[in-house]
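Shown next, in C-alpha cells, is the structure this report addresses.
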Amino acid sequence: MNQRFVGRRLSAAQFTVAVRGLRVSPRNIELARAALVDGVPTSVLAAQSQLTRGAIDRTVRRIYEAHLARHDAPMEWREVHLTVPRSMAERFEAQAAAVIAEHDFARRLEVAVGRQSSGKRGAGG
C-alpha cells in the first residue's frame, strides 16, 4: 500500500461521508471500513475474505482519497498528528468530528441559501 495511506484511520462518521456516492460493492465497503475505522490490517482481511491484499488496498486508498477530496478545510485549519493516550484521542477525535460536521453543515447551508436567493430573484424578474 502507498506509504501515504499506511496507518491512516477514519472515524465512523468520516467513513460514512467518504463512501457516500462512491460505486463500491457492499462487501468492499465492509472490508475497507474494517481497515480504516477498526484498524484491521489488510493482510488479515485478505486472508479472511479470500481477496488479494492489493484489491483491498485499492479500495481503502480510493475511499481515503474520497475523504481527502471532501475535506476542504478552511485555510486557517491545519492537520495535526498526535500520539496520545486512547481516552484523550477519542475525546479529541469526537471534538474534531463535531467541528468538521458543523463546518460542512454551514458550507452546505450557504450553498442552499445562495441557490434559493438566486432562484427567487430569477422568478421575480
Side-chain angles (χ1 to χ4, degrees):
M1 181 181 244
N2 184 321
Q3 275 302 111
R4 179 177 177 204
F5 302 99
V6 172
R8 298 295 177 155
R9 298 285 296 272
L10 297 177
S11 70
Q14 289 172 321
F15 184 84
T16 300
V17 171
V19 298
R20 192 175 298 145
L22 291 181
R23 294 179 64 176
V24 180
S25 73
R27 180 180 184 207
N28 286 345
I29 287 175
E30 183 180 316
L31 292 168
R33 186 184 194 292
L36 286 166
V37 176
D38 303 328
V40 179
T42 55
S43 58
V44 171
L45 294 171
Q48 292 173 348
S49 67
Q50 297 180 344
L51 292 174
T52 66
R53 183 175 170 203
I56 296 170
D57 285 344
R58 282 188 296 278
T59 302
V60 166
R61 183 175 24 251
R62 184 171 166 211
I63 292 170
Y64 195 80
E65 285 176 345
H67 162 72
L68 292 176
R70 289 184 172 127
H71 186 73
D72 56 344
M75 290 297 289
E76 67 272 10
W77 288 19
R78 62 186 190 163
E79 186 172 344
V80 178
H81 298 273
L82 301 170
T83 303
V84 295
R86 180 181 302 273
S87 61
M88 186 179 204
E90 289 168 353
R91 287 192 312 267
F92 181 78
E93 287 168 345
Q95 287 177 319
V99 169
I100 290 167
E102 288 173 16
H103 168 72
D104 289 344
F105 177 77
R107 190 170 43 83
R108 286 193 308 271
L109 186 61
E110 284 177 10
V111 169
V113 168
R115 285 181 186 157
Q116 281 185 332
S117 297
S118 65
K120 287 180 182 176
R121 272 188 248 127

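Annotation: side chain of Ile63 is not in contact with side chain of His67 (no heavy-atom distance under 4.5 Å). The side-chain heavy atoms of Glu30 and Ser49, taken from C-beta on, include no pair separated by under 4.5 Å.
Each of Leu22 and Val17 belongs to its own hydrophobic cluster when Ile, Leu, Val, Met, Phe, Trp and Tyr are linked at side-chain heavy-atom distances under 4.5 angstrom.
Pairing each heavy atom of Arg33 with each of Ala12, the nearest pair is NH2-CB, 3.4 Å. Nearest heavy atom pair, residue Ser11 against residue Val37, reads O-CG2, 3.9 Å. In terms of heavy atoms, Arg62 sits closest to Val24 at NH1-CG2, 3.4 Å. Closest of all the heavy-atom pairs between Thr59 and Ala32 is CG2-CB, 4.0 Å. Residues Phe15 and Ile29 come closest through the heavy atom pair CZ-O, 3.5 Å. Among all heavy-atom pairs drawn from Ala66 and Ala18, the shortest one is CB-O, 3.5 Å.
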Does the side chain to side chain contact (heavy atoms under 4.5 Å, CB included) test come out yes or no for Leu51 and Asn28, once each step is laid out? CA-CA 10 Å; Leu51 292 174; Asn28 286 345; 3.9 Å; yes
Chi angles and distances behind the side-chain hydrogen bond (donor to acceptor under 3.5 Å, both in side chains) call for Ser43, Arg53: CA-CA 6 Å; Ser43 58; Arg53 183 175 170 203; 5.3 Å; no
Kindly indicate, with the supporting measurements, whether the criterion side chain to side chain contact (heavy atoms under 4.5 Å, CB included) is fulfilled by Val99 and His103. CA-CA 6 Å; Val99 169; His103 168 72; 5.5 Å; no
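Going from atom CG of Leu36 over to atom CG of Leu10 covers 5.0 Å, rounded to the nearest 0.5 Å. The distance from atom OG1 of Thr42 to atom CZ of Arg61, rounded to the nearest 0.5 Å, is 10.0 Å. Put simply, CG on Leu45 and OG1 on Thr52 are 12.0 Å apart, with the number rounded to the nearest 0.5 Å.
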